Novice: 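Please see the structure below; I have some questions.
Keep in mind that what you see is a predicted model, and the values were worked out from it rather than measured. We use all heavy atoms of the structure for the numbers below, so side chains are in, but hydrogens, waters and symmetry mates are not. Here is how names work: the chains are called A, B, and so on, in the same order as the sequence lines, proteins then strands, and each is numbered from 1.
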2 protein chains.
Amino acid sequence: MSTTSEENYIKAIFKLSHELKTEATTSSIAEHMATKASSVTDMVQKLADKHLVNYIKYQGVTLTPKGEKAAIKMVRKHRLWELFLYQKLGFKWNEIHEIAEELEHIKSDVLIERLDKFLNYPQKDPHGDPIPDRKGHFPENKSFKLSQLSKGVKGIVVGVNDKSSVFLAYLDKVGIQLGTELEIIDCNEFDNSLDIKVNDSKLIHLSYQAIQNILMIEK
Amino acid sequence: MSTTSEENYIKAIFKLSHELKTEATTSSIAEHMATKASSVTDMVQKLADKHLVNYIKYQGVTLTPKGEKAAIKMVRKHRLWELFLYQKLGFKWNEIHEIAEELEHIKSDVLIERLDKFLNYPQKDPHGDPIPDRKGHFPENKSFKLSQLSKGVKGIVVGVNDKSSVFLAYLDKVGIQLGTELEIIDCNEFDNSLDIKVNDSKLIHLSYQAIQNILMIEK
DNA sequence: TAATATAATTAGGCGCGCCTAAAATTTTTA
DNA sequence: TAAAAATTTTAGGCGCGCCTAATTATATTA
């Protein structure tokens, strides 16, 4: 059995090495979790004893297959709860993360399978992120950044990279959500910002930082 | 902010003094929570510092208004989650308690109000227990024990006192759930057991222990 | 009411997850 | 490649919630 704290470390290591494609070093984990390097060393040794991570002193950490499986299960739980909060309880997409961070630690395995069924075996969470299935398989996600689209092209918003509350609330403000159609009207080379038509009507302007964090498929 | 452990103590004290109408003494709390008396003393002192209980050394514990409010909120959360598990996720009434014990500690206040709305502001949980509203008011519950009904009378099952998994599974087995109609066919004086007709068809026999734990209204 | 039994509290210890400060190791740079 | 800088680990400490054992207070009974 794992504690909440252990689960959070496993999640952080998974996120660093898989999603952010960085090294899971003692300091990167500490920074990611807003804790101290010495705390990370303590926990990483504990996780190594439980065969959840491979750990050699002074040389960073990787997840074992067992740790990987545990991490993916946490991702599955988090995203299913997020979808529940969004779809069934009517929360906005910038309000769900914190609550899901708590819900994901509820222990019951049946619960998560029943929730999956209740939500109709969904493939995407409210931020467009893929939900791994019971076996840990991720559905294919063939999106690319809005910043990679060129002038004149139309696309559909299918996800976001930045899930912070401020960014999501900003997208709400300018009228962008999952499924929104965007057309690239112009590309401003000096700062790489875009002029964009939203759903064939409103014209907006998005900074490079913004368009790097919006995921699209071509229409 | 309260910890999970503090919340569990508050719940136990509430249950002992209100539902079971007993004294909340150090030893009764310890027994109820399967812990040691010394642990209870520690925690009770902590709760007293937080003004959640009134505590005088060697003289038991009562909840302050603040503690009472906190306890009722826990009851509300527990019962709403139980109903969610039962009604939306299809769990049986003997499978929901343990999971709700975890879910009730999720912090968000909005969450619980959204859940209440999602479930349509219910008044009863799957065991027939009243769900206090947002203000902490309990809906009236004018039921009585099946053991108090007399021969020939018909009634409807509206609740249970014993929420243990074994008892609830037993009721399932003999065909009793909330809403089931029971008719007292005969009362066996030597052991106070009852012969009962279930939903105008099947005849069953229930021990005194069983009929003390089934709550009814007259039909 | 004094002796005894029971209940409650205190003292001190333990594991967990965190911390700071010091030591060890690796990496960078002169 | 030797010194300096950065990173990581270790040592030791702290609060929480729990424990056992010893002490203190209350309740019971002779």
Novice: Over how many whole Å does the gap from A/M43 atom CE to C/dC19 atom P extend?
Specialist: 11 Å
Novice: What's the OH-P distance between A/Y58 and C/dT27, to the nearest Å?
Specialist: 12 Å
Novice: Are A/K88 and B/F84 in a cation-pi contact, defined as NZ or CZ under 6.0 Å from the six-membered ring centre and within 45° of the axis?
Specialist: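 Judged by the rule, A/K88 and B/F84 form no cation-pi pair.
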Novice: B/T26 near the nucleic acid: base, sugar-phosphate alone, or nothing, with a heavy-atom cut-off under 4.0 Å?
Specialist: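 The residue B/T26 makes sugar-phosphate contact but no base contact.
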Novice: Could you check how far CD of B/E23 sits from P of D/dT26, rounded to whole Å?
Specialist: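 So the CD-P distance, B/E23 to D/dT26, works out to 16 Å.
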Novice: Using a strict 4.0 Å threshold on nitrogen-to-oxygen distance, state whether B/E104 and B/R79 make a salt bridge.
Specialist: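 Salt bridge between B/E104 and B/R79, a charged N being under 4.0 Å from a carboxylate O: no.
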Novice: Could you tell me whether the side chains of A/E102 and B/H105 share a donor-acceptor contact shorter than 3.5 Å?
Specialist: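 Distance-only check fails for A/E102 and B/H105.
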Novice: Quick one: does any side-chain atom of B/W93 pair with a main-chain N or O of B/L168 as donor and acceptor, under 3.5 Å?
Specialist: yes
Novice: Taking only Lys NZ, Arg NE, NH1 and NH2, and the carboxylate oxygens of Asp or Glu, determine whether B/D109 and B/K73 approach each other closer than 4.0 Å.
Specialist: yes
Novice: Can you measure A/E31 atom CD to D/dA6 atom C1' for me and round it to whole angstrom units?
Specialist: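 After rounding, the reported distance stands at 15 Å.
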Novice: Near DNA chain D, which residues from residues 4-11 of chain B have a heavy atom under 4.0 Å away?
Specialist: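 Of all residues in residues 4-11 of chain B, the ones placing a heavy atom under 4.0 Å from DNA chain D are B/S5, B/Y9.
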Novice: Please determine, by modelled atom types, if B/H97 and B/H78 share a side-chain donor-acceptor pair under 3.5 angstrom.
Specialist: yes
Novice: Using a cut-off of 4.0 Å on non-hydrogen atoms, how would the nucleic acid contact of A/S38 be classed: base, sugar-phosphate, or nothing?
Specialist: base
Novice: Using whole Å, what does the distance between atom P of nucleotide D/dA11 and atom CG of A/D42 come to?
Specialist: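 Rounding to the nearest Å, CG of A/D42 and P of D/dA11 are 11 Å apart.
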Novice: Less than 4.0 Å between a side-chain N and a carboxylate O, is that true for B/E101 and A/K107?
Specialist: no
Novice: What integer distance in Å separates B/I29:CD1 from C/dT9:P?
Specialist: 9 Å
Novice: Please report the distance, rounded to the nearest Å, between NZ in A/K36 and P in C/dT20.
Specialist: 5 Å
Novice: Output yes when a side-chain donor or acceptor of B/T26 lies under 3.5 Å from a complementary backbone atom of B/T41, and no otherwise.
Specialist: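 No, the answer is negative, given that no donor and acceptor are paired below the 3.5 Å cut-off.
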Novice: Rounded to whole Å, how long is the line connecting atom NZ of B/K57 with atom C1' of D/dT26?
Specialist: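 Interatomic distance, NZ of B/K57 to C1' of D/dT26: 14 Å.
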Novice: For DNA chain D, what residues of residues 48-55 of chain A have any heavy atom nearer than 4.0 Å?
Specialist: A/Y55
Novice: What nucleotide, of C/dT10, D/dT9, C/dC18, holds the atom closest to the side chain of A/S39?
Specialist: C/dC18
Novice: Decide side-chain hydrogen bond (donor to acceptor under 3.5 Å, both in side chains) for B/T62 and B/N54; before the verdict, give the C-alpha distance in whole Å, the side-chain angles of both, and the deciding distance to 0.1 Å.
Specialist: CA-CA 5 Å; B/T62 56; B/N54 305 114; 3.2 Å; yes
Novice: Could you please name the option among C/dA8, C/dT20, C/dT9 that lies closest to any side-chain atom of B/T25?
Specialist: C/dA8
